[in-house]
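Heads up, the thing below is written out as structure tokens.
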Amino acid sequence: MSEFFKQLIAQLASVWQKLSLQQKVITASLVGFTLLGLVSLMLWARSDSNTVAGFRRLYSDLDVEEASIITEKLSEAGYKFKLANDGRTIMVQAKKIYEARMLLAREGLPANRGVGYELFDKNNLGVTDFVQKLNARRALEGELQRTVEGLEEVKSARIHIVVPQQTIFLEKQKEPTASVVIRPVPGKKLSKGQVKGISHLISSSVEGLKANSISIVDFEGNLLSNPYTDDETALTSFRNMELQQNIEKHLERKVDRLLIDVLGPGKAKVQMAIDLDFDHVEKTMEKYDPESKVVRSEERSDENVKNAPDGDRQQERSLTNFEIDKTVEHIVHEVGNIKRLTISVAVDGQYVKDEEGKFIYEPRSTEDLANIEDIVKNAVGYDLARGDQIAIANMRFDNEYIRREQDSMLQEERWEFWMMIARYAAIVIIAVMVVLLLRFLAKTLAEAMNPPIPQVEIGGPKEELKVEVPEDVQKSNELLEHIEVMTREAPVNISAIIRDWLRESKKSGK
């Protein structure tokens, strides 16, 4: 294989020597520009943010304390690294990234998932009871942290549990408490059901811990759990307010979807205000109708008397008891019934182009507003007897900020589109240049390896070349021509002359 490369290099060198100066300049320029274009295109088209100048991302989104420990370990091991994203992202050389990860894994880094029950894998003699309890609590916190971080919406979590010391006095005994700090995955949000599930998960894992003794917040400090678990009155008010807000949002979304289909997106704003009845009322009503009577019971007796002193007789007697009609009703009013509904709708006008192509605002007609009012009333169940109110106003929306954002987005899209076109065009141009280069090199090699055969003209007149000949050469040429003529015309004389020259040379030799 090495002999093949040697021959190839030797042939290329010989071909390069056979090229003219112009061909050498053109070939070197094409090769240089092609390589430069390929390298530039690779650097330009590179979209992998994990690789920067030979460095790849090792770990990202780290805590500052943890990042400092990792960088210290990398420095001790002699690895070169770079920091990005305010020191929360660590990048190492691409060819040593797996070695660095294995090194940090042996050191237990990154260790942001907490320490679990593996803390008791090693038997430590001489540990005090206080340290043993502290380790047990740390292990429990670590296991709960891993469980909570296993949820799809949770990126990281920290759990702190406080277990008071046991006492023989029940009135002085305190209940355990816990606090949880959760960082959700970007773009996702924990629902209230998930927050309650986390509370019950932790309370079920710690003896004596109640769900209302757990506080859950996010990394921005927003309270996710219910803050009114201890006060029953405040908890009831909170639930009532939450129910009212949910109903308002539901009706707003319902009307908003309807108006989007009718008017278009961003053409109407809807706001609901609902007054709910949270009174739990039970009624028992009895109604009597004096005009109606119902036979309750009836008694009838017949008596026949014969052979009596006063003669035979027949006696009939009947007793009928009537009862007035009575209606008994037991009515239970559920909590959360709508007492009154107030609706506010702001409708944008229409924009029509004038002769110059500019948009001119035109308010909507009274008929359009009346139709909008009717469909909104039917959508929310408007009841005039209940005291519901509705207000629809035609107003011009200030969409200047939205227009500026749309223009900016359009410009960015155009820029990205033209950049994509330029990228593909550069790829095509470089591909064409490579093809032309290969074609030119092939042609040059073929010409160098197979030089053209000079053409010989047979027959035909040839142009005499006029060359200046020296005088002595000219005289010798004339003498030779004269001898040639004499040889053709009188060969006998020439042969006699040659014999005489030979005799003279022999005599002189003696």
Side-chain angles (χ1 to χ4, degrees), residues 57-74 85 87-90 97-98 100-124 127 129-164 175-226 229:
R57 182 175 61 182
L58 180 65
Y59 294 111
S60 62
D61 201 13
L62 298 171
D63 295 334
V64 179
E65 296 82 2
E66 192 171 19
S68 63
I69 297 174
I70 293 176
T71 53
E72 183 179 357
K73 295 294 182 181
L74 292 176
N85 191 19
R88 302 173 66 89
T89 300
I90 302 176
I97 183 171
Y98 300 109
R101 285 180 179 174
M102 288 188 288
L103 172 66
L104 295 175
R106 287 193 295 268
E107 298 292 337
L109 296 172
N112 56 348
R113 296 185 61 86
V115 181
Y117 287 118
E118 66 272 9
L119 189 64
F120 298 100
D121 292 342
K122 297 180 181 179
N123 295 325
N124 296 324
V127 178
D129 183 64
F130 173 77
V131 175
Q132 193 73 5
K133 291 181 179 179
L134 182 62
N135 290 336
R137 191 182 67 185
R138 287 179 57 197
L140 179 59
E141 291 175 351
E143 293 293 333
L144 290 175
Q145 176 183 343
R146 294 174 180 177
T147 303
V148 173
E149 288 179 349
L151 298 177
E152 183 179 358
E153 289 79 6
V154 179
K155 184 176 182 180
S156 60
R158 294 291 300 273
I159 299 178
H160 305 279
I161 300 175
V162 178
V163 180
E175 296 181 351
T177 58
S179 59
V180 183
V181 183
I182 293 177
R183 175 179 291 174
V185 175
K188 293 186 178 182
K189 183 179 180 181
L190 289 174
S191 63
K192 295 181 179 179
Q194 290 173 325
V195 174
K196 292 180 180 179
I198 293 174
S199 299
H200 287 284
L201 171 68
I202 297 175
S203 63
S204 301
S205 303
V206 181
E207 182 181 1
L209 180 61
K210 298 180 180 179
N212 55 7
S213 300
I214 302 174
S215 299
I216 302 177
V217 298
D218 58 11
F219 269 72
E220 296 179 356
N222 300 319
L223 183 63
L224 303 179
S225 58
N226 196 335
T229 53

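Nearest heavy atom pair, residue A211 against residue S203, reads N-CB, 3.8 Å. The heavy-atom pair separating G208 from P176 by the smallest distance is O-CD, 3.3 Å. Across I216 and S199, no two heavy atoms sit closer than the pair CD1-OG, 3.2 Å. Across every non-hydrogen atom of A67 and I90, the tightest pair is O-CD1, 3.9 Å.
Remark: E143 engages R146 in a salt bridge, criterion side-chain N to carboxylate O under 4.0 Å.
Note that the OG1 atom of T177 and the NE2 atom of H160 stand 11.5 Å from one another [nearest 0.5 Å]. Residue K155 holds its NZ atom at 14.5 Å from CD1 of I182, rounded to the nearest 0.5 Å. Between the CG atom of L134 and the CD atom of Q132 there is a distance of 10.0 Å, given to the nearest 0.5 Å. Once rounded to the nearest 0.5 Å, the distance linking CZ of R183 with CD of E149 reads 10.5 Å. Rounding to the nearest 0.5 Å gives a distance of 11.0 Å between CD1 of I198 and OG1 of T147. We find the CG-CD1 distance between L140 and I202 to be 9.5 Å, quoted to the nearest 0.5 Å.
Side chains of K188 and E152 form a contact here, defined as non-hydrogen atoms less than 4.5 Å apart. Residues I161 and L144 form a side-chain contact, since some pair of their non-hydrogen atoms from C-beta on lies under 4.5 Å apart. Side-chain contact between E175 and P164: absent, with no pair of heavy atoms (C-beta onward) separated by less than 4.5 Å. A 4.5 Å side-chain heavy-atom check between S225 and I214 finds every atom pair outside the cut-off.
Judged by distance alone, the side chain of S204 and the main-chain N or O of H200 form a donor-acceptor pair under 3.5 Å. A donor-acceptor pair is defined here as one N or O able to donate and one able to accept, closer than 3.5 Å; no such pair exists between the side chain of Q145 and the backbone of I159. Not one N or O on the side chain of S215 forms a donor-acceptor pair closer than 3.5 Å with the backbone of S179.
Summarising the local packing, NZ of K133 is surrounded by 12 or fewer heavy atoms from other residues, nucleotides or ligands at distances under 6.0 Å. Heavy-atom contacts from other residues, nucleotides or ligands closer than 6.0 Å to OH of Y98 number 12 or fewer.
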- request: Determine, stepwise, if the pair L103 / K73 fulfils side chain to side chain contact (heavy atoms under 4.5 Å, CB included).
  value: CA-CA 9 Å; L103 172 66; K73 295 294 182 181; 5.5 Å; no

